[in-house]
Number of protein chains: 2
Amino acid sequence: MTKVESQIKNSNTDVLIIGAGPSGLMAATWLARAGVPFRIIDKRSDKIFSGQADGLQSRTLEVFQSFSGSSFDMTGLDSAWKMANHMIELCFWNPDENGNLVRSSRIPDSIPGISRFQQIVIHQGYIERWFDETIKNFSEGQSKVERPYLPISLSIDESKVEDKDAYAVKVLVKNLASEDVSNPEQFNAKVANGLYRQFEGDQERFYSNSIDIEHDPNVNVDDYEIINCKYVLGADGAHSWVRKQLGIDMEGESTDFVWGVLDAVPITDFPDIRHRCAIHSLESGSVMVIPRENDLVRLYIQLKEVPRDPLTTTDVSDNDSKEHAKGRIDRSKITPELILKNAQDIFKPFKFEIEDIDWFTGYQIGQRVSPKFSKFNRVFISGDACHTHSPKAGQGMNVSMMDTFNLGFKLALVCKGLAKLDILETYESERIEVAKELIAFDHKLSRLFSGKPMIPNSQAFQDGVDMDEFHKVFQKGGEFASGTIVDYADSLLIDKSLTHPVDEDGNSFSSIAKKVAVGRRLNSTLIECQADGRPIHIADRILSDGRFRVLVFAGDVNSYPQNLKILEEFDTFLKSDKHFSKKYTPVNALDNSVIDIITIHGSKRHDVEIFDFPEFTRPTDHKHRRDYWRLYTGIDSTYHEGDINAYEYYGIDTKNGAIIVVRPDGYVAKITNFDSNGLHQIDQYFDKFMIPQNSNVLTPKDKLINDRDRFVKPLLAV
Amino acid sequence: MTKVESQIKNSNTDVLIIGAGPSGLMAATWLARAGVPFRIIDKRSDKIFSGQADGLQSRTLEVFQSFSGSSFDMTGLDSAWKMANHMIELCFWNPDENGNLVRSSRIPDSIPGISRFQQIVIHQGYIERWFDETIKNFSEGQSKVERPYLPISLSIDESKVEDKDAYAVKVLVKNLASEDVSNPEQFNAKVANGLYRQFEGDQERFYSNSIDIEHDPNVNVDDYEIINCKYVLGADGAHSWVRKQLGIDMEGESTDFVWGVLDAVPITDFPDIRHRCAIHSLESGSVMVIPRENDLVRLYIQLKEVPRDPLTTTDVSDNDSKEHAKGRIDRSKITPELILKNAQDIFKPFKFEIEDIDWFTGYQIGQRVSPKFSKFNRVFISGDACHTHSPKAGQGMNVSMMDTFNLGFKLALVCKGLAKLDILETYESERIEVAKELIAFDHKLSRLFSGKPMIPNSQAFQDGVDMDEFHKVFQKGGEFASGTIVDYADSLLIDKSLTHPVDEDGNSFSSIAKKVAVGRRLNSTLIECQADGRPIHIADRILSDGRFRVLVFAGDVNSYPQNLKILEEFDTFLKSDKHFSKKYTPVNALDNSVIDIITIHGSKRHDVEIFDFPEFTRPTDHKHRRDYWRLYTGIDSTYHEGDINAYEYYGIDTKNGAIIVVRPDGYVAKITNFDSNGLHQIDQYFDKFMIPQNSNVLTPKDKLINDRDRFVKPLLAV
């Protein structure tokens, strides 16, 4: 340690998150939910107030919902569904055989049936605010994001990376509060815009004067802090500082296509301005229409001619593939007037004017991905820090949040001492595949979007984009874009044995629960509580609170009384310290605080009584109070929500039943038979990565904050 | 004015609300929503933290939803549906022919189909907090409830009551902040309870030393304030101070039946403890089970023997009917132990124990109602101040809030100068009938509940309560209790011409919209926006924002092109200053800020285009920005929410159409034909009570705060 360093304040935290955009905030949400010590810093002093990303996909909304279960206030992420603009339909407009712009087809914007939620749009500032509020809710009212804090240096002590309790990463940070780091280009401009971030990033601004704390006489050590961390997450954007410290380059290419983005309230007689539209004009380029909240409409507009700087060698950096670079775009030439002019040409013969502009930016289409998402399982990167692409499919922010939704619960399990460090490997293996699929999808879609249209029954533009193909790619892409079909491969946390591929895409559906794919998120359907008759979505019963779930589909116990016998066997099995239920739970913790076992039988609710079932389906706690939220029926006619049939929905036989293990992130980890061997299979699954807790006694601070709330607010390992 | 008075601070407000319970807070919510100056004071320094009322009925939830439309944050009243416990089923338990307690039948707790919402339960403290937050949202972040403030005197200047601009009521209030007015009995007790309020009120405590500001040398004039008001609302509870100032007595009777109330987490093997239950034991009395949030269960338990004070003459006050009084209940004898003991006897043979008690109280069953709800249309009373009864049907808090939901918009219209003072008369005429029905309902139900059960096929208890009759009264009562069938009579604000009674209860259904009853709230069904294809509940389009709505059901314009002709005629009509649309709207206000005209056609969305329809269905504002939220279809197949058919739901012919006028509180004011005469009829309706605004130019402060939000946040008369 140097002399100056020894004067600097030192502190410890389990996880340091660098970057408080959606990706970093999602990680923070998990850690706050699980009660893991963490810090989250951002170099900017300001939050986002307009523009930026805006689409929220079905899976993202499912995840938002999973953090805002029934017992929390509404101030958090579930505001999204209410406040955002809902997009219902996607309309395709292109030239007819006479070259006139016409609506050629319409499709649902979200594919019906793939989720409870459909794509919505709202600006990123709201989303970040809701995250703040949600994290605060989980942190006893404490705000968590610290800004403006700049990371200065990062070092990993390789000798310690295998020791799970070690603070193996040291990060030097600087509090910039005393410096002027507002965003002059953004905030002094006539109209707020994102050009600065888009084309150059602003790392240079922060790092322009190399910081030399050893020799600079002006250094005030009080501005600095050394944070010793077990783990570091770099969620610090496309120009990621963390990625550079790890020495990881982005790989990929850029194109000649330049697009502008405009958020405004348009004045137009175009009839579909409140629908999502993909418009290909004959010769003036393309536009994507995204209707938004507060009467705003976002337009992604292809720019025909954008002045560029002359090509210099320094431009051909790691971030630009050499064969495509034509010189950097001169961003000062991208003005609202230029973008509007292009839009007006494309919309012809419809009138298109604007009174108020909310925000604008421009971007050059390109796709890049990092070959590595982590180092030593101690430092991770996520979001734009490891994948960038064009924004039109509304994927960037969503995939970035899903990166850390994947990582967050794994960090929590490891930090809590419940799971082995090895599970962190699955972050990269699971998410890098998603990033690659995303890049391929964007590559295909953006080229079709930017190309000129082929005109039906005409000799003109025969080398153009076939509008039927474009329509098909969009339609098929909707499934991918929704985020609901992400399929994680076999790993320490996903066990695809007992499954075999049944669909044309080779997805691993089980033969036991024929419509459930191991490796995908469990889609939600209604079940009904035996004790109070309330129908609830299964997803709302298996919230993101850090616990694994074992869903016991016990079949129709009325028609098949032997199924009750199996449940009695389970009762004995689960009481044993040797098996998963007790083995991985600290001795004085509530019995379901690590692995939550839920029984869903297949008889009508009125045909059975709660006390027909063995104790593990309706256990009592240390105060003899019963937990009524472990026993459900999957088949019934409800009073207000129609017929429900979870057995049919999941393809489970009411005689044979099934057992489904669900990870804390809602992904199906394993499917096995409803028999005594099934539970042994589950033992084997958990044995691979969980740490036995039989002698672990929780300290008072790890206890439930309020044990009255134990059923509705189960905390991770409390 | 006396010498001391002249030293006291004077201030003006349009409306002073005395009492910040649910009834007062609902009035405040309306006034805040409409931007009317008001104050709300409460003599207690503390909010409620446990116990008290807890049931929220269907209609109440509809109203909550109507204040929390799509553009507001979730921090307000719509938290109720998410956080409360949902009651699904009501189970009846009574002795079988052998005298053993058995479940005899089950019915849905809320009647399927009568509303989007079903009855839920959560304690009053949450509800008051949500009101606070909602009012704050509507008041630019300002908190509004002032406490502890005690009203000292009230006087009405009769010479001014006809002058709508006059501050005709003077209220002297005292700020108690410097005194100790905490609630010792409630908060020093081992278990929080409501006995003090229930049996004696606590007015005596506040008024025990008569306040004589003229002669008391210790008076600090800074503690006092004279508030000059246009209107005063007394929402100050069963022992209402305001009611006493008006010289109005309560009328009614009490009974010998005494019940205890207990909120606790029970330890029991009774299988239906998470259902609402009505239990009649053979000889130990009755219990009502209300499962609640956080695993709590509320029990209403009949107490067999309660010690009473000897009868004294002072007990036979206006509040006790003389023939029934047996002496006041000695409330110190009502203990959790006594209530639990009674419960255990009733629940036998089931085990019933308790570890944690949250709250308890006791009450003597009685029904009382005020003969008058207002004086000079200047001072009003609402809620418990004008009707009290037993709590088991979950009506008290709900009806109290509905009182002021009725009054609030009327006060707002008058204070805004939009409607004549006369409309305030309809508050008493509409709500006194509801109060009387409520009293009758409670009278019947509570006697059946408190009586011993008749045993089937047995000679014993032949004079007992017939359980089948009890079941029927409950089932039928569910419709009334839901609050959805309140039926206001013909008045200045309800026009039942063109309707004739068609159902067996004599309700006034129209022949034009056969399933819509004039005088009742418009039940909600889905409609679909023509411009963006989003299905929304009609109730979510006609939120409680102070505006009247004219719903133009234009029929299937595709099959009946003449209907488009009628719409063209309407376009001309509505542009004229002589007719309701412009006549009652201030000249520089947005065109739909007082009367909002919504067209709901009956063609499929894809069969028509927005520009097929005349301009009033898709108007533009002063900045040429189009309002896309005025044109809907009532018939379509949606992508995610099934088929919708508002025409069938309301009984409207797709050829003939209909026009429905809805009041700001969602009640159907008038139904008329879809033809040019129809609009003249509507002119006549508004002419009776609205004030022409043709020369009224709004001052800048009355303008829209943010005109970007004009479509989603329409303010009253802005």
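Any value given below was found using the heavy atoms of this structure, including those in side chains, with hydrogens, waters and symmetry copies removed. Letters go in sequence order (proteins before strands), and every chain restarts at 1.
- In this structure A:S637 satisfies the side chain to side chain donor-acceptor pair (under 3.5 Å) test together with A:D643, sequence neighbours excluded.
- The contact between B:N85 and chain A is made entirely by side chain atoms (from C-beta outward), counting heavy-atom distances below 4.5 Å.
- In this structure, no portion of B:I122 lies under 4.5 Å from any heavy atom of chain A.
- For A:T638, no part lies near chain B; criterion is any non-hydrogen pair under 4.5 Å.
- Remark: the backbone N or O of A:R59 is not paired with any side-chain donor or acceptor of A:T484 at under 3.5 angstrom.
- Taking 4.5 Å as the limit, every side-chain heavy atom of A:D295 sits out of range of all side-chain heavy atoms of B:Y628.
- Note: A:F347 and A:F352 have parallel aromatic rings, judged against thresholds of 30 and 60 degrees for the angle between ring planes.
- A:Y632 pairs with exactly one of A:H601, A:Q530, A:R541, A:R534 by the side-chain hydrogen bond (donor to acceptor under 3.5 Å, both in side chains) rule, that one being A:R541.
- Counting heavy-atom pairs under 4.5 Å between each of A:R605, A:E293, A:R618, A:R276 and chain B puts A:R605 at the top.
- Contacts of B:P108 with chain A are made by both backbone and side-chain atoms, with heavy-atom separations under 4.5 Å.
- Both the backbone and the side chain of B:Y639 come within contact range of chain A, with heavy atoms under 4.5 Å apart.
- In this structure the side chain of A:D109 never reaches within 4.5 angstrom of the side chain of A:E89, judged on heavy atoms.
- Of the atoms belonging to B:R116, not a single heavy atom falls under 4.5 Å from chain A.
- Comparing B:S110, B:G113, B:P291 by heavy-atom pairs within less than 4.5 Å of chain A, the highest count is held by B:S110.
- Comparing B:P271, B:C91, B:P535 by heavy-atom pairs within less than 4.5 Å of chain A, the highest count is held by B:P271.
- Closest non-hydrogen pair, B:E62 versus B:S115, comes out as OE2-OG, 2.6 Å.
- Of the atoms belonging to A:I114, not a single heavy atom falls under 4.5 Å from chain B.
- Interface remark: of the candidates B:H624, B:E353, B:H86, B:M87, B:H86 forms the most heavy-atom pairs closer than 4.5 Å to chain A.
- Heavy atoms closer than 4.5 Å to chain A are found in the backbone of B:I111, but not in its side chain.
- Proximity to chain A (any heavy atom under 4.5 Å) is shown, for B:T620, by neither the backbone nor the side chain.
- Screening A:W81, A:F117, A:F131, A:W130 for a ring pair (Phe, Tyr, Trp, His ring centres under 6.0 Å) with A:F64, the sole residue that qualifies is A:F131.
- Every residue meeting the salt bridge (Lys or Arg N to Asp or Glu O under 4.0 Å) condition with B:E615, not counting sequence neighbours, appears here in chain and number order: B:K575.
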